[in-house]
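Sequence lines set the chain letters: A, B, ... in the order given, protein chains first and strands last, and positions in each chain run from 1.
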Amino acid sequence: MTDTAPRPDRTIPDRPSLEGLEAAWDGVWSEQKLYAFDRETTRAQVFSIDTPPPTASGSLHVGHVFGYSQADMIARYQRMRGKNVFYPLGWDDNGLPTERRVQNYYGVRCDPSLPYEPDFTPPQEGGDNKSAKAANQQPISRRNFIELCLELTRIDEAAFEEVFRTVGLSVDWAYGYQTIDDRSRATSQRAFLENLAAGQAYQSEAPTMWDVTYRTAVAQAEQEDRDREGAYHRIGFTRTDGSGEQVYIETTRPELLAACVSLVAHPDDERYQHLFGTTVTSPLFGVEVPVNPHPLAQAYKGAGIAMICTFGDSTDVIWWRELDLPTRSVIGRDGRFLPEAPWIATAGGQERYAELAGLTVFSAQKRVVEMLRESGDLVGEPSKISHPVKFYENGDKPLEYVTSRQWYLTNGGRDQSEDGLRAELIARGRELTWHPAHMESRYRNWVEGLSGDWLISRQRFFGVPFPVWYGVDEHGETDYAQVLTPPVEALPIDPTIDVPEGFTEAQRGEPGGFVADPDILDTWATSSLTPQLAGGWNGDEDLFGKVFPMDLRPQGHDIIRTWLFSTIVRSHLQQDALPWHHASINGWILDPDRKKMSKSKGNVVTPIGLLQQHGSDGVRYWAGRARQGVDTAFDEGQMKIGRRLAIKVLNASKFALGFGEAPADPAGRLAADPALVTDPLDRALLARLADVVDQATAAFEDMDYARALEVVEPFFWAFCDDYIELVKERAHGNSASGEAGAASARAALAIALEVQLRLFAPVIVFATEEVWSWWREGSVHTQPWPTAEGLREASAGQDAALLDAVAQAAIAVRRIKSDAKVSQKTPVLAVQVLAPQAAVAHLEAAAADLTALGRIEALTLTADEGEGIRTADVELGEPPVKQPRNQG
RNA sequence: GGGUCGUUAGCUCAGCUGGUCAGAGCGUCUGGUUUACACCCAGAAGGUCGGGGGUUCGAGCCCCUCACGACCCACCA
């Protein structure tokens with residue numbers, strides 16, 4: 001982007017161009033604080049938008065530009081409607097993506113046991129995402145690590161803001177926030193403490209899904225299935241009744257054999273009736289386990305009888321809980337086998353387990369299979385299958401179950417009652433107005449499918465710490481039941497640095513003292529509070545009262561289950577209200593081959609490159625043509641069309657204004673005096689434009705920017721290609737109607753142009769502003785949205801169909817010359833135009849303009865019953881002599 | 001397995017409560033330097049609206065069904 005200064009002289013350039021408009025107008029807008037929210041306001045005057053805070057780790061994706069542009073169109077429309085638009089934009093920078101980027105960028109990793117180094121210099125800068133070899137990363141203290149996180153997010157966020165400014169987002173940057181800044185941390189911690197006091201947040205020691213790479217628990221919303229190769233291993237257990245009977249199970253997780261706590265089959269399964277209530281002994285490890293019936297066991301899956309391990313999958317957890325089975329964990333938090341398995345009673349079993357201790361899951365599986373082969377307990381060869389396995393969405397290794405103490409927030413996931421929290425949250429979804437409406441079903445689907453409360457603690461470093469300590473008893477044991485909390489005024493706090501009231505730092509970790517909760521909150525636990533963060537819930541009650549609940553949440557459909565849902569949960573718990581009235585869901589960007597555009601590809605096609613090549617208006621046009629919720633092809637062709645439209649706006653405006661400025665409307669409602677518009681054609685134009693205004697307004701009221709654009713754009717092209725061409729000669733004064741006819745055309749041109757600039761302004765933001773500056777005061781973006789009323793009055797009841805009749809006649813005449821393959825400048829010595837009676841009347845009223853356009857010397861209009869408007873009895877003149885252009 | 005959306009010209013898509021709804025742009029083809037615009041202009045060709053049933057005087061539009069595509073959820077022995 002060049003740093004072109006805004007054109008100060010407000011004159012029409014000889015050759016209007018889009019180049020440099022972005023930088024010029026962004027400069028003017030930010031200098032004038034054009035999009036600033038006015039604090040002196042009432043809630044009724046406000047239109048507030050809860051904008052997605054982008055994750056500022058890495059580069060912006062084309063999809064960002066797409067979705068944010070669409071929201072901006074709605075914001076701009078509302079502003080022109082006279083709303084005081086509250087349109088902040090924050091950054092979501094407190095999570096794992098930032099940690100990972102910092103690790104790769106600086107070549108470091110966090111080791112909380114290390115001391116802080118004040119003058120630390122990272123080993124590298126600007127590493128990419130591929131160089132992530134943990135072994136090569138320098139361990140640094142948590143504080144050093146967080147400092148690097150803050151530094152890098154500052155750099156990334158500045159770059160993002162530059163892109164968003166170039167795109168022309170009418171964001172009020174003064175209300176920005178970072179989800180890691182002091183205010184956000186305080187807000188997030190306060191909300192948590194209130195949830196705690198209300199019994200909505202609680203801790204529980206339970207098996208949870210665990211990512212062994214990041215060494216943290218992950219929530220249901222962050223998990224995804226991936227197809228992985230696996231194999232069924234058929235393994236025999238021996239009955240302990242001395243019969244020697246073998247019971248065969250099939251498992252894809254043979255390495256968990258040592259963690260087996262029971263076998264299970266369906267209670268009605270005839271094959272296993274005799275086993276229920278008896279015990280069997282596991283191969284290799286010789287552990288005696290019961291055989292239990294449970295309805296979740298499926299008779300036709302695998303062998304019909306399964307081994308329950310602690311823990312292989314979610315069903316294991318259910319069985320373990322409902323059958324009250326012991327816990328025999330073998331996998332540690334690092335994903336490696338634990339050193340001890342004290343429940344293994346046999347010497348051989350212990351010997352074998354010792355071989356597994358310390359191995360990764362992958363290696364342990366190989367070793368166990370070898371052992372089973374050697375012992376003869378593996379029946380046949382493992383049969384390969386492909387099956388879905390749960391992964392953390394940012395992880396590379398399958399999730400494992402690890403038992404740990406975690407914090408949870410109620411979200412209806414454990415509530416099956418008819419009128420409980422889950423039902424309330426589903427009702428909230430119904431209460432919300434969705435654009436498009438069918439997106440509500442995704443939300444309902446997700447809420448209905450929740451299987452547990454929201455796990456909000458993460459064993460990570462860069463995030464909002466849990467603002468709690470725990471008491472330490474006289475034996476030095478942590479008493480998790482004794483939760484110590486800070487007062488709200490003290491927030492934000494870091495319990496690993498700050499000390500609870502009534503204690504001293506010396507008592508940290510000491511008997512009778514306290515310890516900090518070492519965890520941080522799930523990033524969604526903070527970003528679910530964006531309405532509260534942006535709206536000033538914690539500390540700016542006045543603002544909060546004016547913007548909450550917000551009017552609009554724009555976002556992608558991929559994060560309905562995370563961001564949208566969690567935001568509703570928080571507002572429901574905190575404010576007992578919906579966080580917003582409307583949710584506008586944008587689609588995804590698809591590759592031309594209809595696949596979701598991949599990260600890599602999206603980064604190859606950088607937003608900045610597209611903005612430079614097609615102009616921000618061109619890119620915004622592409623976004624504006626896409627309807628809400630509809631996945632959209634990445635189509636540079638559409639951007640080219642948008643660019644052409646923006647250029648056309650400049651050129652057509654230049655031309656329409658070149659006839660001379662028309663006298664102003666004394667009433668001040670229109671760009672020119674409507675009393676001057678006397679010609680039927682001019683009046684028909686304004687009548688048609690009034691209809692367009694009505695349709696565009698109705699569409700925007702429904703937040704359907706795409707439909708509005710779809711109505712305005714064709715009108716504009718017809719305005720250029722037909723109307724302007726028709727009135728050219730008359731506007732120059734070269735018509736029998738003389739000065740009155742010319743004045744009528746000029747006034748109509750000025751009025752129509754000005755109204756169209758305002759209609760286009762939400763989408764084509766730069767070209768419209770540029771043209772506006774040539775001849776009007778202020779910014780087009782703070783003008784009132786046009787209304788049809790004045791246009792209808794100016795049209796004085798003229799039937800808009802006149803415009804269609806003349807346009808069709810013009811096409812018929814042009815076709816004569818196209819078919820004859822001669823220049824449109826070729827005179828028509830004589831022509832008869834045949835049309836229905838009503839059209840003939842219209843054509844008579846505009847005959848002078850029509851003959852001027854077609855260079856017709858003798859026009860005859862004839863009414864007949866034929867189809868449409870046609871020509872007959874044509875007599876063409878000599879084509880003009882070709883003359884070289886631009887000579888002299 | 002449950003759910004949602006989609007299938008309209010070569011491409012990208014409109015078509016709102018069933019009655020000029022068979023459309024637009026791009027692309028293609030044929031022409032034109034028409035002094036606002038070659039970052040242009042004019043004109044033309046192109047589709048039995050995924051298949052099959054049904055309702056109706058009348059159906060891209062409503063109902064049923066099948067096929068294909070996409071996504072969400074569930075399944076993970």
Which part of the nucleic acid does [X] contact within heavy-atom distance under 4.0 Å: base, sugar-phosphate only, or nothing?
X       : answer
W717(A) : sugar-phosphate
I641(A) : sugar-phosphate
K821(A) : sugar-phosphate
C309(A) : nothing
T315(A) : sugar-phosphate
R625(A) : nothing
I811(A) : sugar-phosphate
K301(A) : base
R707(A) : base
Q824(A) : base
E448(A) : nothing
A303(A) : nothing

Could you run down the sub-3.5 Å N/O contacts of the protein with nucleotides 72-74 of chain B?
unit_1, atom_1, unit_2, atom_2, d
C73(B), OP1, R561(A), NE, 3.3
C73(B), OP1, R561(A), NH1, 2.1
A74(B), OP1, Q220(A), NE2, 3.3

Between [N] and [M], how many Å separate the two [atom1] atoms, rounded to a whole number?
N      : M      : atom1 : answer
U48(B) : C21(B) : C1'   : 15 Å
G46(B) : A22(B) : C1'   : 13 Å
A36(B) : C40(B) : C1'   : 10 Å
U28(B) : G47(B) : C1'   : 16 Å
U4(B)  : A74(B) : C1'   : 15 Å
C61(B) : U56(B) : C1'   : 13 Å

**Asked** Any Lys/Arg nitrogen of E713(A) or K648(A) sitting under 4.0 Å from an Asp/Glu carboxylate oxygen of the other?
**Response**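 Answer for the salt bridge query: no.
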**Prompt:** Does R442(A) pair with E440(A) as a salt bridge, N-O distance under 4.0 Å?
**Reply:**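 Salt bridge: no.
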**Item:** Residue met sooner reading RNA chain B from 5', once K728(A) and R627(A) are mapped to nucleotides
**Value:**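 So the residue in question is R627(A).
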**Message:** Which is more 5' along RNA chain B, the nucleotide nearest Q638(A) or the one nearest A306(A)? Just name the residue.
**Reply:**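 By nearest-heavy-atom nucleotide position, the 5'-most residue is Q638(A).
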**Syn/anti state of G60(B) by chi, 90° boundary around 0** =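 Syn.
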**Prompt:** Is G46(B) syn or is it anti, if syn means the base angle is within 90 degrees of 0?
**Reply:**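 That one's syn.
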**Asked** For atom CZ of R414(A), is the number of surrounding heavy atoms from other residues, nucleotides or ligands below 6.0 Å larger than 12?
**Response**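 Count not over threshold, so no.
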**Message:** Around atom NZ of K654(A), are there more than 12 heavy atoms from other residues, nucleotides or ligands closer than 6.0 Å?
**Reply:**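 Yes, the 6.0 Å shell around NZ holds more than 12 heavy atoms from other groups.
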**Asked** Between F715(A) and F719(A), what is the ring plane arrangement, given parallel below 30°, perpendicular above 60°, and tilted in between?
**Response**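 Aromatic pair F715(A)/F719(A) classed parallel.
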Rounded distance in Å - [atom1] ([X]) to [atom2] ([N]):
X       : N      : atom1 : atom2 : result
I589(A) : A70(B) : CD1   : P     : 18 Å
L650(A) : C37(B) : CG    : C1'   : 10 Å
D704(A) : C13(B) : CG    : C1'   : 14 Å
L590(A) : A70(B) : CG    : P     : 11 Å
N586(A) : C5(B)  : CG    : C1'   : 15 Å

Student check: side-chain heavy atoms of [X] and [Y] closer than 4.5 Å:
X       : Y       : answer
W319(A) : V261(A) : no
W622(A) : V62(A)  : yes
V771(A) : L650(A) : yes

Return the nucleotide paired to [N]: Watson-Crick means purine N1 to pyrimidine N3 with N6-O4 or O6-N4, wobble means G-U with N1-O2 and O6-N3, both under 3.5 Å.
N      : answer
C21(B) : none
G1(B)  : C73(B)
C26(B) : G10(B)
G46(B) : none

**Straight-line distance of T562(A) OG1 to Q555(A) CD, nearest 0.5 Å** =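 The CD atom of Q555(A) is 7.0 Å from OG1 of T562(A), to the nearest 0.5 Å.
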**Asked** Atom CZ in R688(A), atom CG in L803(A): separation rounded to 0.5 Å?
**Response**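 Separation between the atoms: 6.0 Å.
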**Message:** Quick check: any donor-acceptor pair below 3.5 Å linking the side-chain of E725(A) to the base of A36(B)?
**Reply:**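 Yes, a donor-acceptor pair under 3.5 Å.
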